[in-house]
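The structure presented is a predicted model; accordingly, all values stated were derived computationally and were not measured.
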Amino acid sequence: MNEVRITRGTGLFHDVEGSDTAVFARRLELLDKPGAHLWVYAAAWACAHPRDTEARLDSENLVSLTGPGCFKCEQPFSNRLARQPCRGSIG
């Protein structure tokens, strides 16, 4: 059975322009603990054009929200999996 989730706006906006992949890589490195799952949600937003400087990541253009799942072992969350050590890795 698919779970329905409702997403509401928070009033917080995140600019798309200027996102730095080095910053994201460093954050992942800091979060990577051996044997620990790295639980994440994946989200997708619609935008008119990738270089649109007016693009905002908010609830009005949110297309999907999936998760949680482990970024490292790529398995969906379950209570059973959460009790087991993660066998995945970043990279």
Side-chain angles (χ1 to χ4, degrees):
M1 174 186 277
N2 290 338
E3 188 174 320
V4 176
R5 293 197 170 111
I6 298 173
T7 304
R8 293 182 177 82
T10 62
L12 301 174
F13 299 98
H14 304 279
D15 290 326
V16 174
E17 193 66 29
S19 296
D20 186 352
T21 56
V23 170
F24 295 128
R26 179 71 180 133
R27 287 179 186 164
L28 283 177
E29 184 181 308
L30 292 171
L31 292 169
D32 189 13
K33 309 289 187 231
H37 292 282
L38 177 54
W39 301 114
V40 297
Y41 281 88
W45 287 267
C47 65
H49 190 278
R51 299 229 182 254
D52 181 4
T53 58
E54 297 298 314
R56 298 287 185 180
L57 306 181
D58 61 20
S59 61
E60 276 97 40
N61 57 356
L62 181 63
V63 177
S64 70
L65 180 63
T66 306
C70 180
F71 183 84
K72 293 166 38 174
C73 67
E74 300 179 2
Q75 298 297 313
F77 175 84
S78 71
N79 288 326
R80 181 178 178 207
L81 183 65
R83 289 188 301 267
Q84 299 172 357
C86 181
R87 293 197 165 106
S89 64
I90 294 176

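- Contact annotation: the side chain of Ile90 never approaches that of Leu31 to less than 4.5 Å [non-hydrogen atoms, C-beta and beyond].
- The line from SG of Cys73 to CG of Leu38 is 9.5 Å long, rounded to the nearest 0.5 Å.
- The two residues His37 and Gln84 come nearest to each other via the heavy atoms NE2-O, 3.0 Å.
- The closest side-chain heavy-atom distance from Cys70 to Trp39 is below 4.5 Å.
- For the pair Ala82 and Phe77, the tightest heavy-atom approach, listed with the atom from each and the gap, is CB-CE1, 3.7 Å.
- Although no hydrogens or angles enter the test, the distance criterion places no donor-acceptor pair under 3.5 Å between the side chain of Lys72 and the main chain of Pro34.
- With rounding to the nearest 0.5 Å, the separation of SG in Cys86 from NZ in Lys33 is 13.5 Å.
- The shortest non-hydrogen separation linking Ala43 to Leu65 is CB-CD1, 3.9 Å.
- Formation of a donor-acceptor pair under 3.5 Å by the Asn61 side chain with backbone atoms of Ala46 is found in this model.
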